Amino acid sequence: MNPELKAEFDKLVQNNDVVLFMKGNADFPMCGFSARVAQILNHMGTKYVDINVLENDAIREGVKEYSNWPTIPQLYVKGEFIGGCDIISEMFEAGELQEMLDNLNAA
Amino acid sequence: MTMMTPKEIETLIQSAMPNADVQVLDPMNDGVHLSAVIVSRDFEGQNRINRHRMVYKALGDAFSGPIHALQMSTLTPDEHKAKQS
């Protein structure tokens, strides 16, 4: 992908502990899957940066290539791609997401 | 753009993952918000991200059009058995 765009993504996910690429924003999600992940993060009281991919086509298409993942939403923690809605939901139900985010706060 | 039917998605995944047991459902009966359960021994030793990527690869570029929303469960045969008991 375009190295400048890649550098922007790198900066975004490395400078922020938790980043959610989503359709709509945390207050007004525009898709059920994005809404579910935002709801889980809100429920856990996680601070995160929400990026509305609908506002920018370069980001919308770019993030799919950047993550090698064809769907939105996408969650990053500490610069690492964690997954989409199904994975986040499974991790939440298994208590793994809580553990991951607790470690974050402890670090 | 024509949406793919659950049956067509099943066939597409199945043909790329011959070891898999694939079931695609349309729980809301709207032809749009589909749900897939894929059980395969190929998932053994793979984390969730890799399992999903294997299915995405099987689906090719279908997400850029004929599939709008597909919720996925990717299980090994043992995990599937455990879920049912």
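Remember, predicted model here, so these are calculated numbers, not experimental data.
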Using only atom types and a distance under 3.5 Å, with no angle test, would you say the side chain of [X] pairs donor to acceptor with the backbone of [Y]?
| X | Y | value |
| --- | --- | --- |
| A:Q14 | A:G79 | no |
| B:S15 | B:L12 | yes |
| A:Q74 | A:S67 | no |

**Request:** Select one option (side chain, backbone, both, neither) describing which atoms of B:I67 are under 4.5 Å from chain A's heavy atoms.
**Result:** neither
**Prompt:** Any salt bridge between A:K47 and A:D17, counting N to O under 4.0 Å?
**Reply:** no
**Asked** Listed by chain and number, what are the side chain to side chain contact (heavy atoms under 4.5 Å, CB included) partners of A:K11, not counting sequence neighbours?
**Response** A:N15
**Asked** Can you name the residues of residues 29-53 of chain B that have some heavy atom under 4.5 Å away from a heavy atom in chain A?
**Response** B:R48, B:I49, B:H52, B:R53
**Request:** Would you check if there is a donor-acceptor pair between the side chains of A:N42 and A:Y48 at a distance under 3.5 Å?
**Result:** yes
**A:Y66 versus A:D10, side-chain donor and acceptor atoms under 3.5 Å** = yes
**Message:** Is A:F81 in contact with chain B via its backbone, its side chain, both, or neither, using a 4.5 Å heavy-atom distance?
**Reply:** both
